[in-house]
Protein chains: 2
Amino acid sequence: MARKTGSHSEITGPRIRAAALKLFARHGFAAVSMRQIAAEVGVQAGALYLYTPDKETLLFDLLKEHMDELIAAWEAEPRGASPRERLEAFVRFHIRFNLERPDAVFLSYMELRNLGPGNFAAIEALRRDYENRLEAILSEGQAAGTFAAPDTKLATLAIIAMLTGVNTWYREGGRLSRDRVGDIYWDMVRKSVAA
Amino acid sequence: MARKTGSHSEITGPRIRAAALKLFARHGFAAVSMRQIAAEVGVQAGALYLYTPDKETLLFDLLKEHMDELIAAWEAEPRGASPRERLEAFVRFHIRFNLERPDAVFLSYMELRNLGPGNFAAIEALRRDYENRLEAILSEGQAAGTFAAPDTKLATLAIIAMLTGVNTWYREGGRLSRDRVGDIYWDMVRKSVAA
DNA sequence: GTCTATACCTTGATAGAC
DNA sequence: GTCTATCAAGGTATAGAC
């Protein structure tokens, strides 16, 4: 604390983003000041502007990074042979990934409106990209006769909303383990689109 | 405009709440200033404090009113004879009611964190009250052998998250009518908890 | 009941010393 | 790379005239 000199650019940058993520998720983008973020990191407010041109860009970078990681992580996931296996993998993956990053998930759903039109469109496109991967699974299964969703696009949105909702109530050390939650949701999802 | 005298307390109060609801939903509680709300209504900022002691109370009143209306409307809904009929009624009611009040629904999910502990607890209690009404339906059906949800509490939260999600994508005049959306979601919900 | 005026504070962002 | 100091703008809330 009160370190006056020296170069920390490789440390300070990530710490600023971590602090911003935590504070934005907790209090909301508009309610958090640059001074609060700086205080959390242990630097003065002016120093933040060495790492971001402005507050909105700081938010955008957090959301972009989250969406990129989400899609990359799903791509790296082992791929099931059948649509049914792929759907099960998706359900378990989505719950697990989101529970590991509650703050970023919260931000992604709540603070999009604080982005300018260009930044907003970029995040939206990534979100749609992710949704399309689920819809592709449903469509395949539909064609194969495994699934009988009344509407694959709506089923996609319904399933994602349902799964993402876990983040609003799940607490570590509660009644159910993450795996058990995955089991329960997989059972409901499987049946909801069953033929 | 520029009306200087006269008494409008019965008109101005509701107009302030309507303006606050619209602006809070659009830009977020923290991002909206009392001056903006006043401008939307067409009065000066100082005048707002005749109708609310502070900004947070204004938000609380909007959320409280919404939750009270939600529960009252569900109570007024015709009651099905069987658990299956009651579940169908709930699904259709929830979608319909929420689509009629997108701003209030949005606020109820996004701005709870801007309430102090007491106000927060009051809204949370109402939300839980509403959820319990759905869980009661599922438990009854479970006892009767109509449903076979792996966990009625989680099924409750999953169904509500799924249904509330409709508000994030539904657009008037789009591909599907509200009734058709109700049909599709009812099909998925029904199967998801089916025996 | 509403206005004008204002007290007092915090905001995002920048300039220049070190 | 970080600090201190600062700016103009805008924030909530109140006081007192009408």
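Computed over heavy atoms, backbone and side chain alike; hydrogens, waters and symmetry mates excluded.
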Strictly by ring pair (Phe, Tyr, Trp, His ring centres under 6.0 Å), give each pair with a member in residues 128-147 of chain A just once, sequence neighbours left out.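 Applying ring pair (Phe, Tyr, Trp, His ring centres under 6.0 Å) to every pair that reaches into residues 128-147 of chain A, excluding sequence neighbours, yields A:Phe90-A:Tyr130, A:His94-A:Tyr130.
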
If I take atom [atom1] in residue [X] and atom [atom2] in nucleotide [N], what distance separates them, rounded to the nearest angstrom?
{"X": "B:Gln36", "N": "D:dA9", "atom1": "CD", "atom2": "C1'", "result": "14 Å"}
{"X": "A:Met34", "N": "C:dG12", "atom1": "CE", "atom2": "P", "result": "7 Å"}
{"X": "A:Leu58", "N": "C:dG12", "atom1": "CG", "atom2": "P", "result": "11 Å"}
{"X": "B:Gln44", "N": "C:dG1", "atom1": "CD", "atom2": "C1'", "result": "13 Å"}
{"X": "B:Ile16", "N": "D:dT12", "atom1": "CD1", "atom2": "P", "result": "14 Å"}
{"X": "A:Asp54", "N": "C:dG12", "atom1": "CG", "atom2": "P", "result": "11 Å"}

Would you mind listing every salt bridge (Lys or Arg N to Asp or Glu O under 4.0 Å) that reaches into [range], with sequence neighbours excluded?
{"range": "residues 121-132 of chain B", "value": "B:Glu124-B:Arg127, B:Glu124-B:Arg128, B:Arg127-B:Glu131, B:Asp129-B:Arg133, B:Glu131-B:Lys153"}
{"range": "residues 22-31 of chain A", "value": "A:Lys22-A:Glu40"}
{"range": "residues 156-168 of chain B", "value": "none"}

Would you mind telling me which of C:dC3, D:dG1, C:dG12 lies closest to the side-chain atoms of A:Tyr51?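 That would be D:dG1.
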
Minimum-distance nucleotide to A:Ala47 side chain [options: C:dT2, D:dC3, C:dT11]: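 So the side chain of A:Ala47 is nearest to D:dC3.
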
What pairs with [X] under side chain to side chain donor-acceptor pair (under 3.5 Å), at least two apart in sequence or on another chain?
{"X": "A:Thr152", "result": "A:Glu135"}
{"X": "B:Arg15", "result": "none"}
{"X": "B:Arg79", "result": "none"}

For A:Ala158, check side chain to side chain contact (heavy atoms under 4.5 Å, CB included) against everything at least two apart and list the hits.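 By the side chain to side chain contact (heavy atoms under 4.5 Å, CB included) rule, A:Ala158 matches B:Met162, B:Tyr185, B:Met188.
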
Would you say the side-chain atoms of B:Asn119 and B:Glu56 include a donor-acceptor pair closer than 3.5 Å?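 Yes, because at least one side-chain N or O of B:Asn119 sits under 3.5 Å from a partner of the opposite role on B:Glu56.
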
With a cut-off of 3.5 Å and sequence neighbours excluded, list every side-chain donor-acceptor pair involving residues 80-87 of chain B.
unit_1	atom_1	unit_2	atom_2	d
B:Ser82	OG	B:Glu85	N	3.1
B:Glu85	OE1	B:Ala81	N	2.9
B:Glu85	OE1	B:Ser82	N	3.1
B:Arg86	NH1	B:Gly80	O	2.8
B:Arg86	NH1	B:Ala81	O	3.1
B:Arg86	NH2	B:Glu140	OE1	2.3
B:Arg86	NH2	B:Glu140	OE2	3.4

Output the residues of residues 18-31 of chain A in contact with DNA chain C, where contact means a heavy atom of the residue under 4.0 Å from an atom of the strand; sort by number or write none.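 DNA chain C contact set from residues 18-31 of chain A: none.
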
Mind grabbing the angle between the end helix axes of the helix from C:dG1-D:dC18 to C:dC18-D:dG1? Five pairs an end, 10° rounding.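 Helix axis angle between the two ends: 0°.
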
Dump every N/O contact between nucleotides 15-18 of chain C and the protein below 3.5 Å, one line per pair.
none

Side-chain-base donor-acceptor pair under 3.5 Å for B:Arg35 and D:dT12: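 Answer yes: a donor N or O sits under 3.5 Å from an acceptor.
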
Select base, sugar-phosphate, or nothing to describe what B:Val32 touches, counting heavy atoms under 4.0 Å on all strands.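 Contact class for B:Val32: sugar-phosphate only.
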
